Amino acid sequence: MSEQQRQFDNFDEFAEEYRDIHDNAIKLSGADSDFFSEYKIVELTKTEDTKAAFNLLDFGCGDGNSCIYFRKHFPNITINGIDVSEESIHQAQEKGIANATFQAFDGLKIPYADNTFDMVFTSMVFHHIEHDLHGGILNEIRRVLKPGGRFYIFEHNPNNPLTRKVVRECVFDEDAVLLKPNYCKSIINQAGFKDTNTNFTIFFPRHRLLKWATGLEPMLTWLPIGAQYYIKASK
Ligand SMILES: C[S@@+](CC[C@H](N)C(=O)[O-])C[C@H]1O[C@@H](n2cnc3c(N)ncnc32)[C@H](O)[C@@H]1O
């Protein structure tokens, strides 16, 4: 096993089938993989200017599915995606997303100059990285952000039993180690970010009968049992 495989989970073998595997793994939620890609970007539209022309880095972009929704909800931004999985990057490039570039990298040193991005977004990546490496990677993310730039990290919430079940049963999460929300916040603070703010999301399955309940979710973002959470921070 190479050094890289030991430090990061290897997604090359799942790249082509990633969305089918994910759809199957999350059936319990009543939603599909595209829903989970899009809802995160819709969350960002609540506090970000959707008309602005800014430079985005999607760290661990995988097959680029989030970038489809960045393009849809933030039509004027420039999109850059990086990932350790060359096969996933190939899938992202194949999508032909306008004003978007994707490249593979070594997973440690972000291949961009200091102060390049207005926003760094990362979704469901850190639980695939050895915890000893988190601090160094966050330093890298902070380095490539412009002063005042925003960082968003979305993660599974290990406090939620259904999340734990889905992760336990998903083949590409076999080696995943979920990040407790407090741990995640503390490493972000340690890396020198400021204004860290945690929001919990996805409290109810997306079944028709529970549609009324999902309308309550914006009032529950403080409750640490949502299926996922995200932390917003700034440089
Ligand atoms: C569960 S997938 C999520 C993909 C995408 N962010 C999404 O939300 O659809 C996790 C991704 O993290 C990538 N990854 C793992 N370690 C990484 C690292 N050190 N740097 C960048 N990406 C990494 C994997 O290759 C994989 O594409």
Side-chain angles (χ1 to χ4, degrees), residues 1-26 29 31-44 56-71 79-95 97 100 102-112 119-141 143-144 151-156 163 166-179 187 201-202 227-230:
M1 189 182 279
S2 77
E3 184 67 5
Q4 177 160 315
Q5 279 168 320
R6 201 173 55 75
Q7 294 177 321
F8 319 125
D9 294 344
N10 180 7
F11 274 73
D12 276 355
E13 59 180 309
F14 306 117
E16 224 174 305
E17 259 81 55
Y18 182 91
R19 292 297 147 193
D20 292 337
I21 298 170
H22 194 219
D23 274 342
N24 202 38
I26 60 176
S29 73
D32 63 8
S33 193
D34 286 332
F35 166 82
F36 277 92
S37 294
E38 185 165 18
Y39 105 82
K40 296 170 187 129
I41 316 307
V42 171
E43 280 296 318
L44 268 51
L56 167 81
L57 176 66
D58 183 353
F59 178 88
C61 60
D63 66 355
N65 222 42
S66 302
C67 296
I68 293 176
Y69 299 105
F70 268 113
R71 183 76 299 134
I79 298 171
N80 304 270
I82 56 172
D83 200 289
V84 288
S85 161
E86 285 182 20
E87 290 301 324
S88 301
I89 288 296
H90 181 65
Q91 294 292 323
Q93 287 165 338
E94 292 276 286
K95 289 189 164 67
I97 301 168
F102 297 97
Q103 62 172 306
F105 80 120
D106 68 6
L108 294 171
K109 171 93 180 133
I110 298 179
Y112 288 97
M119 182 191 290
V120 177
F121 166 88
T122 186
S123 155
M124 306 301 153
V125 176
F126 272 58
H127 57 264
H128 293 292
I129 299 175
E130 287 278 323
H131 283 214
D132 285 355
L133 299 175
H134 287 165
I137 290 174
L138 286 167
N139 289 340
E140 271 293 282
I141 288 175
R143 177 183 69 75
V144 297
F151 174 47
Y152 289 90
I153 177 169
F154 281 77
E155 275 296 327
H156 291 308
T163 296
V166 167
V167 169
R168 216 169 31 239
E169 294 174 2
C170 180
V171 57
F172 59 65
D173 284 333
E174 209 169 58
D175 297 320
V177 180
L178 299 186
L179 282 68
I187 55 173
T201 59
I202 313 288
Q228 301 192 337
Y229 65 91
Y230 68 95

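The model shown is predicted, which means the values in this text are computed figures rather than measured ones. When a ligand or atom number is given, it counts from 1 through the structure's own listing order.
Residues Arg143 and Glu140 are paired through a salt bridge, judged by an N-O separation under 4.0 Å between the basic side chain and the carboxylate.
Every atom of ligand 1 is numbered from 1 in the order shown, and the set under 4.0 Å from a heavy atom of His128 is 1 (C), 10 (C). Those atoms of ligand 1 with a heavy atom of Cys61 less than 4.0 angstrom away are 5 (C). Within the listing of ligand 1, atoms 1 (C), 2 (S), 3 (C), 10 (C) sit less than 4.0 angstrom from a heavy atom of Met124.
In this structure, Tyr18 counts as a contact residue of ligand 1, since one of its heavy atoms falls inside 4.0 Å of the ligand. Within the structure, ligand 1 lacks Asn65 among the residues with a heavy atom less than 4.0 angstrom away. Between Phe105 and ligand 1 there is a heavy-atom distance shorter than 4.0 Å. Contact between Arg19 and ligand 1 is present, with at least one heavy atom of the residue lying under 4.0 Å from the ligand.
Between Tyr152 and Lys40, every side-chain heavy-atom pair lies at or beyond the 4.5 Å cut-off. For the pair Ile26/His22, a side-chain contact is recorded, criterion being any heavy-atom separation below 4.5 Å from C-beta on. Here the side chains of Pro111 and Gln103 are in contact, with some heavy-atom distance below 4.5 Å. Tyr229 is listed as a side-chain neighbour of Leu179, based on a closest heavy-atom distance under 4.5 Å.
In terms of polar-atom proximity, defined here as any N/O pair under 3.5 Å, Ile137 makes no such contact with ligand 1. For Asp83, a nitrogen or oxygen atom sits less than 3.5 Å from a nitrogen or oxygen atom of ligand 1, counting backbone and side chain alike.
Of all protein heavy atoms, the one lying nearest to atom 22 (N) of ligand 1 is Gly60 CA, 3.4 Å. At the shortest separation from atom 17 (C) of ligand 1 among protein heavy atoms lies Val84 CG2, 3.7 Å.
Around atom 7 (C) of ligand 1, the closest heavy atom drawn from Gly62, Ser123, Ala176 belongs to Ser123. When Phe8, Phe59, Phe121 are ranked by how near their heavy atoms come to atom 20 (N) of ligand 1, first place goes to Phe59.
Within a 6.0 Å radius of CD in Glu86, other residues, nucleotides and ligands contribute 12 heavy atoms or fewer.
If you run side-chain contact (heavy atoms from CB on, under 4.5 Å) between Ile89 and each of Asp83, Val84, Asp12, only Asp83 comes through. Just one of Phe59, Phe151, Phe70, Tyr69 meets the ring-ring contact (aromatic ring centres under 6.0 Å, His included) condition when paired with Phe121; it is Phe70.
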Taking it one step at a time, do His90 and Glu16 satisfy side-chain contact (heavy atoms from CB on, under 4.5 Å)? CA-CA 9 Å; His90 181 65; Glu16 224 174 305; over 6 Å; no
